[in-house]
Each structure stands twice: as structure tokens, then as C-alpha cells.
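Structure record follows, encoded as C-alpha cells.
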Amino acid sequence: MHSKKIIMRKRAEYKSFQSSRFRKVLLSWYKAQKRDLPWRKTKDPYKILISEIMLQQTQVETVIPYYKAWMKKFNTIKKLATASLDEALMLWEGMGYYSRARNLHLTAQEIEKNYNGKIPDSFENLIHLPGIGKYTAGAIASIAFNKPVPAIDANVRRVLTRLLCLSPSSSKDKTFWELALNLMVTASPSEFNQAMMEIGALVCIAKNPRCPNCPVRSHCNAYLKGMQNRYPAIRKPKKVEEIEVVLGIIFNDTMVYIQKRPPQGLFAGLWEFPGGKVEPGERPEKALHRELKEELGEKVRIISNGKAIRHKYTRFKVLLYPFICSAQKRFSPGSRKGEFRWILQKELKNYPFPTANRKIIQSLRFP
DNA sequence: AAGTCGGGGTT
DNA sequence: AACCCAGACTT
């Protein structure tokens, strides 16, 4: 087996790497230095599950307030399973990757139905639930149930890559999995997996790792070669395109029009104001009329334009032009598939919006 | 294997 | 401005 060969070769190549000593030092460091995080005060599998979904591609400091607010409202899986998706999305607003909330809601309902409300304790059962992949299944099984399964996240990959000077060609999922499993052996899986992530988050960080403060630096081949900054290899740069977008906040008397986005794709399940991209060379006002005609089949009158908002995403930047508009009647856009509503201005706070829309809601002076 | 899916923090 | 983050899912 290829990855086994790597493990063997690495062990033979680097006599300094003694896994039992490494494990002991790592775990004692973790015990002394670990952060006091809300989800570390409990062994409730439901709370571990929520934290792990929130922590997908999201930093600890960002998650903490969302986690606390979530547990105030949904402190049991039954409460989540019987709530509406909109209620869950409200608590998720601003955290991004909104499909996580949808999948989490589905997972709660599935656990209620098929597992009598008990979170499954095995990797094999967990990984079949929506929104739970290899990392999260391993994290829940190990952290909540102390099952000997690795939890390979970006931290663990980086730590292992530096420890063993893994080349990009040997940086495969299977390699990391077997290396971690081998290193774990006698340790508590819960403690070991969290320790590996913690040292990646606090010491073996992506840029300028804090090697002088690292308790396992004498085991680290990248450090011993002075090459810690060359691991992991640099990724391909992604280009960021810039687009201009218009949107209409359409009033009829005191009521404002909002619509729901599809259950999949960008901002899945969130509410929004209608609008769309400005074409090259097009005036924003013209773009708004064109988009509303295409999307709603309606003509509106522009009352005023709000302050333009700049917003950055991972793959693109947007310049958002909001327009306050008025409609002759409370139209029902027959051409649209999704849900829509006419609501009072003060009700806007009860619907989950993308962050850029929320910024506009807060910055506008309504008529 | 490569794209899609957010937003905030760091450097 | 570029990079990063307790990844999952689709194509």
C-alpha cells in the first residue's frame, strides 16, 4: 500500500521521529495550553455536532457568538428538528455557507426519525448524514464518543506535512488518514485529535509558524531542516473578478417586496431584494429596469438611490447599487418559481438575508 | 480533479 | 490585495 510505504520510509528516514514521545509531549502541551472554548465544556454529542458544522471553513473566533446564540434557541436536537428552516437560517445569517444550515436541519430530522433522536456514534453512520463528510464524521465520532477515528482538517494536514516533509504528491487523504491513525494509537482519540488541531491553530500556523514555541519541534523534519516556511506548498492563485449589481427595494404603500432564493446554490434559502448584474457599459438605472422586467415582469418607478455598497467574496467582488422604488400594485411575479412576500419594513429583521443585503437594509433611509 | 459555496480576520 | 479558515458537495 502506497501510503503505508510512505509511513515506513519516513520512519526509517527520520530516526528522530519517535511517535510515543511525540504523542506524550503533544498531549501534555494540549492539556496545559488548550483554549477554553464553549464546546469543550461539554460531551453532549449534539453540541459537538453543532460546533463541528459551524467550524467548517470558519474560524473559531467567528463561530463562538453564533454557537452561543444557537444553543439559547436550539439546545436539543428535537428543537432543531421541529423548527422551520427559516428559524435556523436566521441564526446562521452572516456566517456564510448557508447550505450548512439546510443540511444540518435535514440531519436533525433524519436523526430524530431514524436514530430515535440520538446522534449516531459511528463514523459509518455519521458520514451518510447530509452535510457530514469525512472530517466531520471523524470529529464527532472521536470527540463526542472517543472512537479511534482520525479527524483530518486543514490544521492536521499542515502539521503532518511539516512533521514529515510530505511532498504535494504524497499529500493524499489516505496518507494523512493512516499517518494520523498510526500516531494516535494508545491515546484518547478525543484528546489526540483536538490536540493535533489545536497545535495547528496556535503554533503550527499557515504563515510564519511559531517553531521556537513548539513543544514537538524536535520531532519536526521541516523545522530540523529550517524549511518550515516551505510547507505546505503554495496553492494556485485564484483570480477575483469584479461585478456590479443593482437591486430594487420595491414599496407599495407601506409594504416592501422580498423573494426567497432557491434551496441550492449561492445564498441557498435566504431572502433577498430582486435585481441582477449590470452589463458592461450599462447605466445602473437601466440595468435595474431590465432586470426587474426579466425577473418579475414588472415596471417600477425609481424613487431614490441608496448608498452603493462594496462587498467582497472569495471569488469575486461586488459593487451593489440599491434603489428605492415604488410599484403601482402588490404584484405577484408569475414568472418566478420561488416564494415571495410583501411585508412591513419592520418585519425585515425576521427574515434571513445575505450580509450585503443586510448592510443595505441598515444603511438605507426608507421613505 | 476542479468548481462552487461566505464572510471575517490576518499579514 | 492576497491569503487563510476544525469542508462538503456537485460535476
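Worth saying up front: this structure is predicted, and the values here are computed from it rather than measured.
Ion pairing between a basic and an acidic side chain is recognised when a charged N comes within 4.0 Å of a carboxylate O; A:Glu279 and A:Lys277 show no such pairing. The pair A:Lys317-A:Glu241 does not meet the salt-bridge criterion, since no charged nitrogen lies less than 4.0 angstrom from a carboxylate oxygen.
Within 4.0 Å (heavy atoms only), A:Ala206 reaches sugar-phosphate atoms of the nucleic acid but no base atom. A:Met54 comes within 4.0 angstrom of no nucleic acid atom, judged by non-hydrogen atoms across all strands.
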Contact letters for nucleotides 6-11 of chain C, in which S counts primed atoms plus P, OP1 and OP2 and B counts the base, heavy atoms under 4.0 Å: BBSS--
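In this structure, A:Gly265 and A:Lys207 both approach DNA chain B, and ranking their closest nucleotides by distance from the 5' end singles out A:Gly265.
In this structure, A:Arg102 atom CZ and B:dT4 atom P are separated by 21 Å, rounded to whole Å. Atom CZ in A:Phe353 sits about 17 Å away from atom C1' in B:dG6, given to the nearest Å. Remark: P of B:dC5 and CH2 of A:Trp92 are 18 Å apart, rounded to the nearest angstrom. Look at CZ on A:Phe316: it is 9 Å from P on B:dG6, rounded to the nearest Å. Here B:dG9 presents its C1' atom at 11 Å from NZ of A:Lys312, a figure rounded to the nearest Å. The nearest whole Å value for the distance from the CD atom in A:Glu241 to the C1' atom in B:dG3 is 13 Å. Put simply, CD1 on A:Ile199 is 16 Å from P on C:dC5, counting in whole angstrom units. Rounded to an integer number of Å, the gap from OH of A:Tyr98 to P of B:dT4 is 19 Å.
Sequence neighbours left out, the pairs with a member in residues 55-77 of chain A that pass salt bridge (charged side-chain N to carboxylate O under 4.0 Å, His left out) are A:Lys73-A:Glu87. Within the structure, every pair that satisfies the salt bridge (charged side-chain N to carboxylate O under 4.0 Å, His left out) test and touches residues 145-156 of chain A, not counting sequence neighbours, is listed here: A:Asp121-A:Lys147.
Nucleotides C:dA8 and B:dG8, compared at atom P, are 22 Å apart to the nearest Å. Using P as the reference atom, B:dT4 and C:dA6 are 24 Å apart when rounded to the nearest Å. Comparing the P positions of B:dC5 and C:dA1 gives an interatomic distance of 23 Å, to the nearest angstrom.
Residue A:Tyr313 places none of its side-chain N or O atoms closer than 4.0 Å to OP1 or OP2 of B:dG6.
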Check: residues 257-272 of chain A side-chain donor-acceptor pairs under 3.5 Å, at least two apart:
residue  : atom : partner  : partner atom : Å
A:Tyr257 : OH   : A:Gln259 : OE1          : 2.9
A:Gln259 : OE1  : A:Arg336 : NE           : 3.1
A:Gln259 : NE2  : A:Glu272 : OE2          : 3.0
A:Gln259 : NE2  : A:Glu295 : OE2          : 2.5
A:Arg261 : NE   : A:Leu266 : O            : 2.8
A:Arg261 : NH1  : A:Glu272 : OE1          : 2.8
A:Arg261 : NH2  : A:Leu266 : O            : 3.0
A:Trp271 : NE1  : A:Asp86  : OD2          : 3.3

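Take A:Asp253 and apply the salt bridge (Lys or Arg N to Asp or Glu O under 4.0 Å) test, not counting sequence neighbours, and it matches no residue. For A:Arg40, the side chain to side chain donor-acceptor pair (under 3.5 Å) criterion is met by A:Tyr30, A:Gln194, A:Glu198, not counting sequence neighbours.
Between the side chain of A:Thr355 and the base of B:dG7, no donor-acceptor pair under 3.5 Å is found.
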